[in-house]
Amino acid sequence: QLGASGGQVRLKSLPLPAMVLDKLDPTKQRKVALALLDDNRTEPMTAAIELAIKLLSNIVSAPENEKFRTVRTTNLKIRDSLWSIRGGKQLLLSAGFKEVGDTIVMEDPLDVERIQSVVQGARELLDARLQGEAMAKVKHAQQVRLAQEAAADERQNMMLGISDDAATRREPGWTAKVASAAAKGGTAITTATDIGAAGR
């Protein structure tokens, strides 16, 4: 849900249609799009963000070039990398694109600041995801290393124990320890008869 203060957005419902997204201000549109994108796996999310950044950066670098401001949604790369995942379409619409048939068009007046905010937000989302996964891999590797070191220490201690025991057995006068009852010539096993509890 979207708070009145414009705080962090976490969406688990179906992607919002364009007519609903249009009713939000640009900042909230961007937050909705990024929240939807964040629900994807890293690989498709990365492909979507990189393509969106390329499309938007082309417009900022050459705003007078009309071919950059019209994108066919039937294009295979656009369809597979943006239109087929959560938030891909919404990310471009949040930058100012409008749906016109099977295309999206960036109409005048061009809001460069709005576009740059979407690009920056998308980059930050991708960087955070990749950094988080990298840190998780490092942590996992550390845990594996510590577990291996602990296992190696345990094996070493076991081998030292075996070695010490073998050395002790070779010492003059060493005798095996036996149960006290057996050492006295008795039996080390207590039976029911021993305590007078045998059945009659």
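Numbering starts at 1 and runs along the sequence shown.
Between Val60 and Phe68 the shortest side-chain heavy-atom distance does not fall below 4.5 Å.
Legend: residues meeting side-chain hydrogen bond (donor to acceptor under 3.5 Å, both in side chains) with Glu107, ordered by chain and number and at least two apart, are absent. Taking Arg79 as the reference, nothing meets the salt bridge (charged side-chain N to carboxylate O under 4.0 Å, His left out) condition, with sequence neighbours excluded.
The number of heavy atoms from other shown groups lying within 6.0 Å of CD (Glu113) does not exceed 12.
Looking at every heavy atom in both residues, Asp80 comes nearest to Ile85 through O-CG2, 4.4 Å. Residue Met45 comes nearest to Asn40 through the heavy atom pair CB-CB, 4.1 Å, listed as atom of the first residue, atom of the second, then distance.
Under the 4.5 Å side-chain heavy-atom criterion for grouping Ile, Leu, Val, Met, Phe, Trp and Tyr, Leu130 is connected to Leu51 within one hydrophobic cluster. The hydrophobic clustering, which links ILVMFWY residues whose side-chain heavy atoms are closer than 4.5 Å, places Val112 and Ile53 together.
Gln90 CD to Leu24 CG: the interatomic distance, rounded to the nearest 0.5 Å, is 11.0 Å. To the nearest 0.5 Å, atom CZ of residue Arg72 and atom CD1 of residue Ile78 are 12.0 Å apart. The distance from atom OG1 of Thr103 to atom CG of Asn75, rounded to the nearest 0.5 Å, is 12.0 Å. Between atom CG of residue Leu56 and atom CZ of residue Phe97 there is a gap of 6.0 Å, rounded to the nearest 0.5 Å. Once rounded to the nearest 0.5 Å, the distance linking NZ of Lys89 with CG of Leu37 reads 13.5 Å. We find the CG-CG distance between Leu82 and Leu92 to be 5.5 Å, quoted to the nearest 0.5 Å.
Side chain of Asn58 to backbone of Leu55: no donor-acceptor contact under 3.5 angstrom is found. Proximity of a side-chain donor or acceptor of Ser94 to a complementary backbone N or O of Leu91 within less than 3.5 Å is detected. Here the side chain of Arg69 pairs no donor or acceptor atom with the backbone of Ile59 at under 3.5 angstrom. Judged purely by atom type and a 3.5 angstrom limit, Thr70 has no side-chain atom pairing as donor or acceptor with the backbone of Val105.
Counting only residues at least two apart or in different chains, side chain to side chain donor-acceptor pair (under 3.5 Å) contacts with residues 114-124 comprise Gln29-Arg114, Gln120-Glu124.
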Legend entry - Worked verdict on Arg129 versus Asp38 for side chain to side chain contact (heavy atoms under 4.5 Å, CB included): CA-CA 8 Å; Arg129 172 71 68 87; Asp38 198 25; 2.9 Å; yes
